[in-house]
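Before any comments, here is the structure.
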Amino acid sequence: MSRSAHPAGPRHADVLPEGHYSPPPADLNALDPRVWARTVTRRPDGLLEVGGIDVATLAREHGTPAYFLDETDFRARCRAWRDAFGSEADVFYAGKAFLSRAVVRWLHEEGLNLDVCSGGELATALAAGMPPARIALHGNNKSDAEIGRAVESGVGRIVLDSFQEIDRVAGAAERAGRRQPVQIRVTVGVEAHTHEFIATAHEDQKFGLALAGGQAAEAVRRVLARPSLELIGLHSHIGSQIFDMAGFEVSARRVVGLLTEIRDEHGVELPEIDLGGGLGIAYTSEDDPCEPHEIAKSLGDIVARECESAGLAVPRLSVEPGRAVVGPTAFTLYEVGTVKPLEHLRTYVSVDGGMSDNIRTALYDAEYSVALASRASDAGPMPARVVGKHCESGDIVVRDAYLPADTAPGDLLAVPATGAYCRSMASNYNHVPRPPVVAVKDGEARVIVRRETEEDLLRLDVG
Ligand SMILES: *Cc1c(COP(=O)(O)O)cnc(C)c1O
C-alpha cells in the first residue's frame, strides 16, 4: 500500500476497466443456496425471510443494522462436522469466529468442543457451562493470568506457542498441582491462501515453533522434560478461507514426519494431531467449498497414508473449523440511506452500518454478495458498491455488486455469510454502537447479543 500522496487519478476516480464486472446474474431476485443460510428464502410477496420471520418484521423489532443468525443452520452445520469426523476425531469450534453464551450452549448440545484464545473467550465458554475438558486454549502470547485460569479450571489442552510458554504453563501446572495436557503448535512452512498454497522454507510470521531449524523438536524435548506437562500431540494451523486440500496434505506430511522423529528420538508415539481450521465458505456464487464429509474423508486419508508410510499408529485427529461452522449461518440487514449514481462508474449505495460491523472488506479485500431484501424488483441490474456511513472512502461493505436499478432509500439490503469475523471484529469507530446478533429459529427471534447503546459508550468514557 502506498503511503505517498498522488494526484487524483484512476485510484480515486476508479475508472472501471473494460470487463471489470462479471456479467450480472440472470435473476437478481434469486438466492444462491450456497451463499445464504439454510432457512433463508424469498417469499411470494418478495420479502426475504429467515427461520419463518420476514426481514421487515425483524427490522421493525430489532432495528438495522443487525446480524440475523439462522440457529437451525448453525446446529445442522455442527452436526454435519461432528458426524463427518465421527468418534475417531474431535471437532473444536474456533470461538474467535463468533462467540456468545448461546453459541457455547449450542456447541455443547451438538457435541462440539471449543477453541478459545483469550481470557475473555475462556470466561464466556466457562460462563455458559462448556465442560473445561472440552476447551482448548490457543494464542501466541497468553498472559500468566490466562494460563493460570485455564490450568486451574482444567481445560483439556493448552496449545504451546513459544519456549517461554513451556515454562509458564509448566509453572502454573506445578502450582495448581496438576498435570496439564498440552500440544505444541508447529509451523510447517506452508502458507495457505485462498486458491493456492506457497511452501516457504522459513515462515516470516509470529505463530508456532518452526519445524525448519529444529525449534519444534527442541520444544518437544523441553516439554517431555517437564513432569507437570503431558504432551498429547502436535498442532498445525495453516491459514484461512482455504479451498484446496493440498496445503493440508503438506502440513500433515510434515507433522507426521516430526511424530516419527519423536518416536525415534524419545521412544514415544504421541496420540493426537490437530490440523487446525481454515476451511473456506462461499461468500459469492463463485466460491465452491467442500462439504464436511469430503473434508473428513480427505484429511483422514492423508493422515492414514502418511502414518502408514512412516510405520506409525494413526493418531487421533482433531480439526478446528470456525468460519465453516458459523460463517454461512448469518446475514447482516441494513437500511439504505442514500443512493449516489456516479456517471460511467457505478452507483454508491450507502447503508446504516459499514466497516464497524464488517471490517473484512477493508482489511482483507474480502468479497461479499448482497440482495435487495425488503421486496422483489423487476428493474434491470445496476453496477453498485455498497458502502457504510463511516468517515473513510475505504468503508466498503460489498465492493462489486449488482442491485436492481430502482434500489432506493428505505430499502433493506441483506449481506449474506457474515456470521464469522464480523461481529467478533466489530468496532465502535465513529462512536457507532455495535449491532445486535439475533438468533432466529422456527418463527421465533431471540437477541443473543444485544445492540450496544450510546449509554454503553458513555459508560466506558469516565469523563
Ligand atoms: C483462526 C483459527 C482457526 C479457525 O479458522 P477458520 O478459518 O475460522 O476455520 C482454527 N485454529 C486456529 C489455531 C486458529 O487460529
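Numbering of ligands and ligand atoms starts at 1, following listing order. We number each residue from 1, following the sequence as shown.
Residue-level proximity to ligand 1 for H138 is carried by the side chain, the only part with a heavy atom below 4.0 angstrom. Contact annotation: for H237 versus ligand 1, heavy atoms closer than 4.0 Å belong to the side chain alone. Counting heavy atoms under 4.0 Å from ligand 1, residue A94 touches it through the side chain alone.
The aromatic rings of W81 and F85 sit parallel to each other, their planes meeting at less than 30°, with 60° as the upper class boundary. Aromatic ring orientation, F68 versus F331: tilted (interplanar angle from 30° to 60°).
Around CD of E444, the count of heavy atoms belonging to other residues, nucleotides or ligands within 6.0 Å does not exceed 12. Taking a 6.0 Å sphere around CZ of R316, one finds it holds more than 12 heavy atoms contributed by other residues, nucleotides or ligands. Counting heavy atoms of neighbouring residues, nucleotides and ligands inside a 6.0 Å radius, atom CD of E269 exceeds 12 of them.
Of all protein heavy atoms, the one closest to atom 9 (O) of ligand 1 is G278 N, 2.8 Å. The shortest contact between atom 10 (C) of ligand 1 and any protein heavy atom is with E320 O, 3.2 Å. Here the heavy atom of the protein found nearest to atom 14 (C) of ligand 1 is K96 NZ, 2.7 Å.
On a distance-only criterion, R185 and ligand 1 share no N/O pair closer than 3.5 Å. Residue G322 has at least one nitrogen or oxygen atom sitting less than 3.5 Å from a nitrogen or oxygen atom of ligand 1, judged on distance alone. At least one N or O atom of R323 sits closer than 3.5 Å to an N or O atom of ligand 1. Taking distance alone, with nitrogen or oxygen atoms compared against 3.5 Å, S240 approaches ligand 1 more closely than that limit. Considering backbone and side-chain N/O of H235, none are found under 3.5 Å from N/O of ligand 1. In terms of N/O distances under 3.5 Å, ligand 1 is not approached by G239.
At least one donor-acceptor pair under 3.5 Å links the side chain of D73 to the backbone N or O of R38.
Close approach of ligand 1 to G277 (heavy-atom distance below 4.0 Å) involves ligand atoms 9 (O), 10 (C), 11 (N).
In summary, E367 and R399 do not engage in a salt bridge, as defined by a charged side-chain N under 4.0 Å from a carboxylate O. A salt bridge does not link R105 to E109: none of the charged nitrogens lies less than 4.0 Å from a carboxylate oxygen. Between E152 and R175 there is no salt bridge, since no side-chain N of the basic residue sits under 4.0 Å from a carboxylate O of the acidic one.
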side-chain contact (heavy atoms from CB on, under 4.5 Å), that's the test. Do R263 and V268 meet it? Break it down for me. CA-CA 5 Å; R263 179 200 55 195; V268 289; over 6 Å; no
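For A420, the heavy-atom gap to ligand 1 stays at 4.0 angstrom or more. Look at Y421 and you'll find a heavy atom under 4.0 Å from some atom of ligand 1.
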